[in-house]
Each structure stands twice: as structure tokens, then as C-alpha cells.
There are 2 protein chains.
Amino acid sequence: MEENDVVTCLAALAQPMRLQVFRALVVAGPDGLTPGALVEALDVPAATLSFHLKELTRSGLISQERDGRSLIYRAAFEQMDGLLTYLTYNCCEGKACAVAQPKSAARKPR
Amino acid sequence: MEENDVVTCLAALAQPMRLQVFRALVVAGPDGLTPGALVEALDVPAATLSFHLKELTRSGLISQERDGRSLIYRAAFEQMDGLLTYLTYNCCEGKACAVAQPKSAARKPR
DNA sequence: CCTTTATTTCCATAATAATCGAAATATGGA
DNA sequence: TCCATATTTCGATTATTATGGAAATAAAGG
């Protein structure tokens with residue numbers, strides 16, 4: 001992933017409501033969630049949610065698919081993986097830092 | 001790391017100049033860099049740089065230490081590790097996604 | 001103490017992002 | 001075709017962030 005896209009992805013997640021939306025979609029997995037479900041779950045006005053969904057979509061971190069009257073949004077794990085890969089590289093260059101997947105995997109196991 | 005701090009860290013990195021600054025500090029390693037060196041390297045007005053350094057410091061992603069007339073800024077790897085850990089968790093919850101440290105480590109070896 | 005160098009703070013300005021009601025669009029079904 | 005439901009777009013408003021020159025602060029050394 002290229003620096004520009006990295007900044008866009010980071011900015012997409014760097015907002016409380018959007019981080020919550022993304023987390024909800026990650027938890028929902030392949031089924032995804034509709035805007036309606038997110039409005040309920042996160043108690044946010046539809047127009048506001050729509051703005052944030054657009055922002056996340058623009059970054060490539062989520063995808064959209066129509067299903068009848070509803071839309072289904074899903075987390076785009078490949079993109080998130082790309083972001084993490086970039087950050088891991090640019091955190092750990094020459095350092096014995098967070099190549100620590102084992103350490104990470106050990107704590108806070110929820 | 002808690003959700004609030006995650007958003008703050010993401011926001012700190014979600015800006016082209018700040019991402020460059022952080023990357024430069026990561027590359028510089030334990031020696032760190034002075035604002036003067038960064039002004040030279042990144043060709044940015046001192047006042048603008050100072051604003052961004054403050055932002056990064058506020059997030060905990062870099063630290064500051066005085067050395068005579070100069071200040072030395074360094075990447076705070078523990079904080080970055082915390083951020084990566086959080087993101088890894090909230091990307092991969094229930095997914096066989098980017099627990100892929102090996103995969104990541106294999107490509108783009110520069 | 002005065003000067004030089006390093007860096008930050010102040011301040012005004014410009015640019016971008018977030019909020020949300022109301023109107024518009026899309027879809028499926030009677 | 002008309003209606004109800006799901007969602008987005010519009011548009012106005014407010015809030016936050018970024019930029020950079022000029023003035024202020026901090027430290028070292030004569």
C-alpha cells in the first residue's frame with residue numbers, strides 16, 4: 001500500500017463513530033450490516049452515518065453491496081491487512097518492536 | 001490501549017507531513033532527530049513542523065528530550081506497538097486475516 | 001549581560017471535516 | 001402506478017485542523 005492510501009485509511013479510522021462502525025462490521029463478519037442496523041446499534045442519525053460510511057468506503061476499508069431495498073456493508077479485510085502491513089513495516093524498521101504478533105496474541109484475549 | 005487513545009494515535013498519523021515525520025523518526029531509531037534536522041529533511045517551515053510535532057507528542061507516538069540548545073524527538077515504539085495490537089485485534093476478530101506476520105514479513109523486504 | 005542558534009508559541013487565515021433535518025432516489029410489492 | 005421502506009444526497013451550520021510569518025523563550029558561550 002502506498003503512503004497516500006495509508007493516510008486515507010488512517011483518517012478513515014481516526015474518528016470515534018467511524019472506528020465504531022468499522023469494529024461493528026468486523027464483528028459482523030461476512031454477513032455484514034445494513035445502515036439501518038448500524039443506526040440502531042450505534043444510535044446515530046441516518047444522514048450522519050451515511051456520511052461516515054461514505055468516508056470508510058472511499059478509503060477501501062469497507063465495501064457496499066445492494067440487497068433489495070437494503071445495502072450491506074462489510075469490512076474489507078484485505079485493505080485492513082495492507083494497512084497493518086505498512087504500519088508494521090514503518091514502526092519496526094530496524095527495531096525488535098511489534099513484529100510481536102505472539103506477544104500481542106498473548107494479552108487481552110477477548 | 002483504549003478506544004480514545006487509538007483514535008488520537010490514528011489521527012496523529014493520518015496526515016501526510018506527520019506520517020513522514022514519524023517514519024523519519026522510526027528510521028532514525030534511538031538517536032532520534034532534532035526539529036532542525038527534520039526541517040531540512042522534509043523542507044517544512046519550522047512553525048508548521050512544531051505544530052505537527054506537538055500533535056504527535058500529544059498522541060504519545062513520539063517523545064521529546066532536551067539536549068542543550070536542541071530538542072531530540074524519538075519514535076515511541078511501545079505506543080505504536082499498542083496501536084498495532086489494538087488494530088490487529090479489531091481487524092481479525094474471528095477472521096484468519098492479518099495475524100499474518102509471516103506473510104507481511106515476506107514481502108517488500110526493503 | 002549580550003549574542004547567536006534552536007525551537008516554540010502566538011495569531012490570523014484558509015481549508016477541511018462533522019452534524020443532521022429535509023428533500024431526493026431506489027427498490028419491492030400491492 | 002402508487003405506496004411504504006431503506007438509504008443517500010443536499011445544504012446550511014458549526015467545529016476542528018493546518019499553514020506559516022513574526023515575536024517570544026531557552027540555552028550555550030563569550
Side-chain angles (χ1 to χ4, degrees), chain A residues 3-25 28 31-76, chain B residues 3-25 28 31-76:
Chain A
E3 192 153 310
N4 257 26
D5 302 320
V6 170
V7 170
T8 303
C9 285
L10 289 170
L13 295 176
Q15 207 281 343
M17 176 65 60
R18 284 200 296 266
L19 186 57
Q20 288 193 185
V21 167
F22 185 74
R23 300 224 300 133
L25 292 179
D31 291 350
L33 289 173
T34 63
L38 286 164
V39 160
E40 276 238 350
L42 304 179
D43 188 36
V44 57
T48 302
L49 175 68
S50 189
F51 168 81
H52 289 305
L53 285 172
K54 197 165 57 168
E55 212 61 14
L56 281 164
T57 302
R58 201 169 56 84
S59 78
L61 283 168
I62 70 174
S63 68
Q64 188 196 51
E65 185 195 4
R66 184 165 278 280
D67 174 36
R69 264 187 271 226
S70 294
L71 291 169
I72 299 178
Y73 284 94
R74 295 188 182 85
Chain B
E3 192 152 310
N4 259 26
D5 302 320
V6 170
V7 170
T8 303
C9 284
L10 289 169
L13 295 176
Q15 209 281 344
M17 177 63 62
R18 283 199 297 265
L19 186 56
Q20 288 193 186
V21 167
F22 185 74
R23 302 225 299 132
L25 292 179
D31 290 349
L33 289 174
T34 62
L38 286 164
V39 160
E40 276 238 352
L42 305 177
D43 187 37
V44 57
T48 301
L49 175 68
S50 189
F51 168 82
H52 289 306
L53 285 172
K54 197 163 59 168
E55 212 61 13
L56 282 164
T57 302
R58 202 170 57 83
S59 78
L61 283 168
I62 70 174
S63 68
Q64 188 196 51
E65 184 195 5
R66 184 165 277 280
D67 174 34
R69 266 188 270 224
S70 295
L71 290 169
I72 298 177
Y73 285 93
R74 294 187 182 87

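Numbered from 1 within each chain, the chains take letters A, B, ... in sequence-line order.
To the nearest 0.5 Å, the span separating CD1 on B:Ile62 from OH on B:Tyr73 amounts to 6.0 Å. How far CG of B:Leu71 is from OG1 of B:Thr34: 8.5 Å, rounded to the nearest 0.5 Å.
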Distances under 3.5 Å between protein N/O atoms and the N/O atoms of nucleotides 7-9 of chain D, please, pair by pair.
from: D:dT7; atom 1: OP1; to: A:Leu71; atom 2: N; distance (Å): 3.4
from: D:dT7; atom 1: OP2; to: A:Gly36; atom 2: N; distance (Å): 2.8
from: D:dT8; atom 1: OP1; to: A:Tyr73; atom 2: OH; distance (Å): 2.4
from: D:dT8; atom 1: OP2; to: A:Ser50; atom 2: OG; distance (Å): 3.3
from: D:dT8; atom 1: O5'; to: A:Ser50; atom 2: OG; distance (Å): 3.3

Scan the side chains in residues 53-60 of chain A for donor-acceptor partners under 3.5 Å anywhere in the protein, sequence neighbours excluded, and list what turns up.
from: A:Glu55; atom 1: OE2; to: A:Arg58; atom 2: NH2; distance (Å): 2.9
from: A:Thr57; atom 1: OG1; to: A:Leu53; atom 2: O; distance (Å): 2.7
from: A:Ser59; atom 1: OG; to: A:Leu56; atom 2: O; distance (Å): 2.7
from: A:Ser59; atom 1: OG; to: A:Leu61; atom 2: N; distance (Å): 3.2

Please report, to 0.1 Å, the donor-acceptor pairs under 3.5 Å made by any side chain of residues 4-14 of chain B, with sequence neighbours excluded.
from: B:Thr8; atom 1: OG1; to: B:Asn4; atom 2: O; distance (Å): 3.0

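The shortest distance between the side-chain N/O atoms of B:His52 and the OP1/OP2 oxygens of D:dT17 is not below 4.0 Å. Proximity of B:Arg18 to the phosphate of D:dA18: a side-chain N or O atom is located under 4.0 Å from OP1 or OP2.
Within residues 9-17 of chain A, the residues approaching DNA chain C are A:Gln15, by heavy-atom distance under 4.0 Å.
When the P atom of D:dA26 is taken as reference, atom CD of B:Glu65 falls 18 Å away, rounded to whole Å. One can place CD of A:Glu40 at 15 Å from P of D:dT5, the figure rounded to the nearest angstrom.
Residues in residues 62-72 of chain B take part in these salt bridge (Lys or Arg N to Asp or Glu O under 4.0 Å) pairs, two or more places apart or across chains: B:Glu65-B:Arg74.
Take A:Gln20 and apply the side chain to side chain donor-acceptor pair (under 3.5 Å) test, not counting sequence neighbours, and it matches no residue. For B:Ala28, the side chain to side chain contact (heavy atoms under 4.5 Å, CB included) partners are B:Leu33, not counting sequence neighbours. For A:Glu40, the salt bridge (Lys or Arg N to Asp or Glu O under 4.0 Å) test picks out no residue, with sequence neighbours left out.
In this structure, the helix from C:dC1-D:dG30 to C:dA30-D:dT1 shows an angle of 20° between the axis at its start and the axis at its end, each fitted on 5 base pairs and rounded to 10°.
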For the pair A:Thr48 and A:Met17, evaluate side-chain contact (heavy atoms from CB on, under 4.5 Å) and give the outcome as yes or no after the intermediate values.
CA-CA 10 Å; A:Thr48 302; A:Met17 176 65 60; 5.5 Å; no
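Across all their heavy atoms, B:Pro35 and B:Leu49 have their closest contact at O-CD2, 3.4 Å. The two atoms that bring A:Val44 and A:Leu38 nearest to each other are CG1-O, 4.4 Å, heavy atoms only.
Protein chain A contacts DNA chain C from C:dA18 to C:dG28, reading 5' to 3' and using non-hydrogen atoms of the protein with a distance under 4.0 Å.
Using a 4.5 Å heavy-atom threshold, the side chains of B:His52 and B:Phe22 count as separate.
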